[in-house]
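See below for the structure under consideration.
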Amino acid sequence: MNKTTLYVTIIAIILMFVSLVSWIVNQMTFAILSANLGVLILAVSVLWDNRNHLTK
């Protein structure tokens, strides 16, 4: 795992925790947006790192 992947994963996990805190304080729109952004970043990161394995 290289540094870029690690940083992107940490950012995605932080966004998930921000989503959880936003949900607890009843900021539903921000919670949904941050959760979706975290999932999108994580999915793009995983697909980008494994792009060579997907084409074989």
Side-chain angles (χ1 to χ4, degrees):
M1 180 179 267
N2 57 15
K3 285 185 180 181
T4 306
T5 305
L6 181 65
Y7 294 149
V8 169
T9 305
I10 289 171
I11 290 170
I13 290 171
I14 288 171
L15 280 170
M16 295 297 177
F17 282 115
V18 167
S19 171
L20 181 62
V21 171
S22 299
W23 178 71
I24 289 171
V25 297
N26 287 328
Q27 296 292 326
M28 296 301 170
T29 304
F30 188 68
I32 291 171
L33 288 174
S34 61
N36 287 341
L37 184 60
V39 169
L40 179 69
I41 289 172
L42 202 56
V44 168
S45 173
V46 168
L47 289 173
W48 186 260
D49 283 343
N50 296 318
R51 66 187 182 274
N52 292 332
H53 300 292
L54 294 174
T55 58
K56 290 181 180 179

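Only a predicted model underlies this, so the values are computations on that prediction, with no experimental measurement involved.
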Review point. What distance do S19 atom OG and M28 atom CE have between them, rounded to the nearest 0.5 Å?
Key: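 The distance works out to 9.5 Å.
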
Review point. How far does OG of S45 sit from CG of L40, to the nearest 0.5 angstrom?
Key: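 The CG atom of L40 is 11.0 Å from OG of S45, to the nearest 0.5 Å.
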
Point to revise | A31 to W23 - nearest heavy-atom pair and separation | key: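 That would be CB-N, 3.7 Å.
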
Check your understanding: Of the non-hydrogen atoms in T9 and T5, which two are nearest, and what is the gap between them?
Key ->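 It is OG1-O, 2.7 Å.
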
Review point. If you group Ile, Leu, Val, Met, Phe, Trp and Tyr whenever their side-chain heavy atoms sit less than 4.5 Å apart, what else falls in with L15?
Key: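 V8, I11, L37, I41, listed by chain and number.
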
Review point. Are the side chains of V39 and M16 in touch, meaning some heavy atoms are under 4.5 Å apart?
Key: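 A side-chain contact under 4.5 Å exists here.
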
